[in-house]
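Some notes on the structure that comes next.
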There are 2 protein chains.
Amino acid sequence: MILFVNDSNAVDLADKLRDQGLQVTAQRIAVMEALAGNPHATAEDITETVRNKLGSISRQAVYDTLGVFVEKNLLRRIQPAGSVARYEDRVGDNHHHLVCRGCDLMYDIDCAVGATPCLTADDDHGFLIDEAEVVHWGLCPACQT
Amino acid sequence: MILFVNDSNAVDLADKLRDQGLQVTAQRIAVMEALAGNPHATAEDITETVRNKLGSISRQAVYDTLGVFVEKNLLRRIQPAGSVARYEDRVGDNHHHLVCRGCDLMYDIDCAVGATPCLTADDDHGFLIDEAEVVHWGLCPACQT
DNA sequence: ACAGATTCTGGACTAGGTCAAGAACTTGGC
DNA sequence: GCCAAGTTCTTGACCTAGTCCAGAATCTGT
């Protein structure tokens, strides 16, 4: 399949994949691009966006691709309670999320308490902790009425 | 159906339900008791425990009961990413959780940073925030090997 | 004890995601 | 440029947690 060789953004993404030892395919580029334009997209959102661009992609390819990207730390998978899994391409900064209980609207937020907030638990029970995930729950302006 | 009227614990629970304007049924008491002995139980765990005690209960009754209890704030529902929903009867203290990525083992932990940790977001986007949920992810001692 | 409200049962259904096997594609070495 | 080997994509079946529905059973205040 022909890649979009004149699309400089796609070329950047291709390098990013090769850096991780991943093969470069049109599907993978398209998945990455779908997320660039829509942080917090669901697997279904991404599938639809990619189909609009490439014509078709299988559900399995989307899940495989997302899985590999998450594993390679190119994407972060988040899944607030009661919601389906969502993906975002903002990785490596341990930012947190603000989620509306009414409509699932979601914003990124930086942590309130310094750089690595709450990262040290009071009693770690011998665990090797690698992440402290913070979700702020509330109602967005529209859902408050 | 006969309640366990000689079980003082069940009587306490019955009062708790009445306080919330809920009808008292053997099923509800049993669900509550199942959670007392097993925090972070799944709906399936609870169903099994209740069946051992009462003989039988429908899946729907379990979900209904859990839903009502959560709504009345008698239980808290938690659902770490990638896990099924779990329920706990420790409510009202905004404690957090420590979850093993390997085996889903889960501990309660108190917050490291004061009483209402991270409860103020940097930028709340106009949201009415009512909870800051913190999940510490890591590997338990057994899964580190 | 009764009527009305609430709850329970059983069974069908849904959504999000996974599994498996074979076809198609990408890549590095010639 | 071409080929073999390894990786990725497609198709289609399957699984699980949870929800919906309607009718039967149970609980509560009077």
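Here is how names work: the chains are called A, B, and so on, in the same order as the sequence lines, proteins then strands, and each is numbered from 1.
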- prompt: Any side-chain N or O of A/Gln23 less than 4.0 Å from the OP1 or OP2 oxygen of D/dT8?
  reply: no
field: Nearest-angstrom distance from the residue atom CD of A/Gln27 to P of C/dT26
entry: 8 Å
query: Rounded to whole angstrom units, what separation is found between the CG atom of A/Asp64 and the P atom of C/dA24?
result: 18 Å
message: Does C/dT6 have its OP1 or OP2 closer than 4.0 Å to a side-chain nitrogen or oxygen of B/Thr25?
response: no
- request: Write down the distance between CG (B/Leu17) and P (D/dC27), rounded to a whole number of angstrom.
  value: 13 Å
message: Across nucleotides 13-23 of chain C, 5' to 3', mark each nucleotide with B, S or - according to how protein heavy atoms within less than 4.0 Å reach it.
response: ---SBBBB---
field: Gap separating the OG1 atom of A/Thr65 from the CE atom of A/Met32, nearest 0.5 angstrom
entry: 10.0 Å
- line: Atom CD of B/Gln20 and atom P of D/dT28 are separated, to the nearest Å, by 15 Å
- request: Consider only side-chain heavy atoms of I, L, V, M, F, W and Y, link residues closer than 4.5 Å, and tell whether B/Ile129 and A/Ile109 are in one cluster.
  value: yes
- request: Quickly work out the A/Leu22 CG to C/dC25 C1' distance and round it to whole Å.
  value: 15 Å
message: From CG of B/Leu54 over to C1' of D/dT26, roughly how many Å is that when rounded to an integer?
response: 14 Å
query: Residues two or more places apart in sequence or in another chain: which of them pass ring-ring contact (aromatic ring centres under 6.0 Å, His included) with A/Phe69?
result: none
message: Over 60° means perpendicular and under 30° means parallel, so tell me whether A/His125 and B/Tyr107 are parallel, tilted or perpendicular.
response: parallel
task: Please name the residue in the list B/Arg76, B/Glu71, B/Lys72 that meets the side chain to side chain contact (heavy atoms under 4.5 Å, CB included) test with B/Leu74.
output: B/Lys72
query: D/dC9 P sits how many Å from A/Leu66 CG, rounded?
result: 11 Å
statement: From CG of A/Asp15 across to P of C/dT27 the rounded distance in Å is 11 Å
- prompt: Under the salt bridge (Lys or Arg N to Asp or Glu O under 4.0 Å) test, which residues partner A/Asp64, sequence neighbours left out?
  reply: none
